[in-house]
J.: 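Please find one structure pasted underneath; my questions will follow.
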Amino acid sequence: MTTNAPTALPDTWRRLSRRALPRDTVALARFLIGKVLVHDTANARLAGRIVETEAYLVGDAASHAFRGMTKRNRAMFLRRGHAYVYIAYGTWPALNVASDEEGVGAAVLLRALEPLEGHAAMRQHRGTNRDIDLARGPGRLAGAMQVSLAHDGVDLVGGGPLYLAAAHGPTGAIITATRIGITKDAERPLRFLERGNRFVSGPRRLIGPPGGRRT
DNA sequence: CGGCTGATGATCT
DNA sequence: GATCATCAGCCGG
């Protein structure tokens, strides 16, 4: 709809294997741009292109894992490819992909999707008809995709109903920016977006110069 | 579109 | 008791 006009959607999305996921957290955050998040629910198949991610690294003061494992963040310490879901501001679920080896706390936050399939169901879940707002931001993304705390710890590359799939069509250039809504280690360029994609979240000024920093 | 603000409750100290 | 990896609504340009 934006950068690349999708042709026909596939009958089945091609699931990613764990082996396909880069082992480095930043590399994974970049890799996931353009890939597809799919949720096969009882009522609909929901799918969207990942257009914005953030990396939360080992030793990163902004990371939930910075002070070690807790009840909330334990899924961050699972093998790469598992979901870490937490409740932000007491209300909104946020979906991350654990990015390292078992026992290491690191993850990639999925911040925005470009809806591909299941628009009607997504509108219903979100209570809006504005497609631009369906999955722009982590809380909205979780709402549109019907992701909840029940998915905390599930394997996103393990054959379940919520999974990561290969890109549908070409992926645009990736730009970097600073992460949203944090105060510690806030200047690090650990946010990644598909250049020019209108489904990304946050104010445009944080993306930097016109067109953003090409990387 | 950008900027501001109140609501909100889980989590951790 | 403080701190949030946020959102919707409102207002001004």
Side-chain angles (χ1 to χ4, degrees), chain A residues 2 25-26 28-30 32-33 37 48 50-78 80 82-100 104-113 115 122-153 156 175-193 195-212:
Chain A
T2 47
T25 301
V26 168
L28 178 64
R30 306 178 65 110
L32 288 175
I33 300 294
L37 178 69
I50 298 166
V51 298
E52 179 182 4
T53 62
E54 283 178 358
Y56 288 88
L57 312 180
V58 172
D60 177 355
S63 170
H64 288 172
F66 186 59
R67 299 179 198 291
M69 192 187 297
T70 66
K71 183 172 183 177
R72 173 178 70 163
N73 70 17
R74 68 193 186 286
M76 269 186 97
F77 292 78
L78 296 174
R80 76 186 193 282
H82 288 81
Y84 162 46
V85 180
Y86 72 93
I87 302 297
Y89 295 93
T91 307
W92 296 278
L95 173 64
N96 298 252
V97 182
S99 57
D100 214 300
V104 180
V108 173
L109 171 65
L110 304 186
R111 285 197 59 90
L113 299 182
M122 290 185 189
R123 293 187 194 109
Q124 199 165 10
H125 303 151
R126 292 269 304 109
T128 179
N129 285 324
R130 300 199 58 206
D131 284 5
I132 193 70
D133 288 332
L134 287 181
R136 201 170 57 96
R140 295 167 176 146
L141 182 158
M145 293 297 292
Q146 294 282 83
V147 169
S148 73
L149 261 193
H151 299 100
D152 188 37
L156 299 174
I175 63 173
T176 63
T178 54
R179 295 175 292 183
I180 303 278
I182 59 171
T183 56
K184 291 168 280 191
D185 274 344
E187 301 309 313
R188 305 180 74 176
L190 293 175
R191 177 167 165 243
F192 303 93
L193 315 90
R195 183 170 60 176
N197 193 296
R198 65 195 182 91
F199 290 89
V200 302
S201 75
R204 284 183 86 86
R205 68 188 154 79
L206 291 183
I207 298 177

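Lettering of chains follows the sequences in order, A, B, ..., and the numbering in each one begins at 1.
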J.: Hey, is A:R179 close enough to A:E54 for a salt bridge, meaning N to O under 4.0 Å?
T.: no
J.: Could you tell me which residues satisfy ring-ring contact (aromatic ring centres under 6.0 Å, His included) with A:H125, sequence neighbours excluded, listed by chain and number?
T.: none
J.: For DNA chain C, determine which residues of residues 139-146 of chain A have any heavy atom closer than 4.0 angstrom to one of its atoms, and list them numerically.
T.: A:G139, A:R140
J.: Looking only at atom types and distance, does a side-chain atom of A:S99 sit under 3.5 Å from a main-chain N or O of A:A107, one as donor and one as acceptor?
T.: yes
J.: Check step by step if side chain to side chain contact (heavy atoms under 4.5 Å, CB included) holds for A:V108 and A:T25.
T.: CA-CA 7 Å; A:V108 173; A:T25 301; 4.1 Å; yes
J.: What is the distance from atom CG of A:N129 to atom CD of A:Q124, rounded to the nearest 0.5 Å?
T.: 10.5 Å
J.: Nucleotides 9-13 of chain C: which of its N/O atoms have a protein N/O under 3.5 Å away?
T.:
none

J.: Send over the distance from A:F66 CZ to C:dA5 C1', rounded to a whole Å.
T.: 15 Å
J.: Show me the dot-bracket string of DNA chain B, counting Watson-Crick or G-U pairs under 3.5 Å, with | for pairs to another strand and [ ] for crossing ones.
T.: |||||||.||||.
J.: CG of A:L32 to CG of A:L37: how many Å apart, nearest 0.5 Å?
T.: 9.5 Å
J.: Go nucleotide by nucleotide along DNA chain C from the 5' end; which of A:Y86 and A:R126 gets its closest nucleotide reached first?
T.: A:Y86
J.: Tell me which donor-acceptor pairs under 3.5 Å the side chains of residues 86-97 of chain A have, and how far apart each pair is, sequence neighbours excluded?
T.:
from, atom 1, to, atom 2, distance (Å)
A:T91, OG1, A:Y89, O, 3.2
A:N96, ND2, A:Y84, O, 3.1

J.: Touch check for A:A94, heavy atoms < 4.0 angstrom, all strands: base, sugar-phosphate only, or nothing?
T.: nothing
J.: Have A:S201 and A:E52 got a donor and an acceptor in their side chains that come within less than 3.5 Å?
T.: yes
J.: Would you mind reading off the distance between A:I180 atom CD1 and C:dT6 atom C1', rounded to a whole angstrom?
T.: 11 Å
J.: Between P on C:dA5 and CD on A:E54, what's the gap in Å once rounded to a whole number?
T.: 10 Å
J.: Between A:R140 and A:R136 (side chain of the first, backbone of the second, donor and acceptor by atom type, cut-off under 3.5 Å), is there such a pair?
T.: yes
J.: Just how far, in rounded Å, is C1' of C:dT6 from CG of A:L110?
T.: 16 Å
J.: Would A:R123 and A:D131 pass as an ion pair if we require N to O under 4.0 Å?
T.: yes
J.: Short question: side chain of A:R126, backbone of A:D133 - any donor-acceptor pair under 3.5 Å?
T.: yes
J.: Reading nucleotides 4-13 of chain B from the 5' end, what letters show protein touch, with B for base, S for backbone sugar-phosphate only, - for no heavy atom under 4.0 Å?
T.: ----BBSSSS
J.: CG of A:D133 versus C1' of C:dT6: gap in Å, rounded?
T.: 14 Å
J.: Starting from P on C:dC7, measure out to CZ on A:R130 and report it in whole angstrom.
T.: 14 Å
J.: Quick check for you: to the nearest 0.5 Å, what is the distance between A:H151 atom NE2 and A:Q146 atom CD?
T.: 8.5 Å
J.: Is the shortest side-chain N/O distance from A:R136 to OP1 or OP2 of C:dT6 below 4.0 Å?
T.: no
J.: Measure the spacing between OG1 of A:T176 and CG of A:L190 and express it to the nearest 0.5 Å.
T.: 9.0 Å
J.: Would you say A:D152 and A:R72 make side-chain contact, with heavy atoms under 4.5 Å?
T.: no
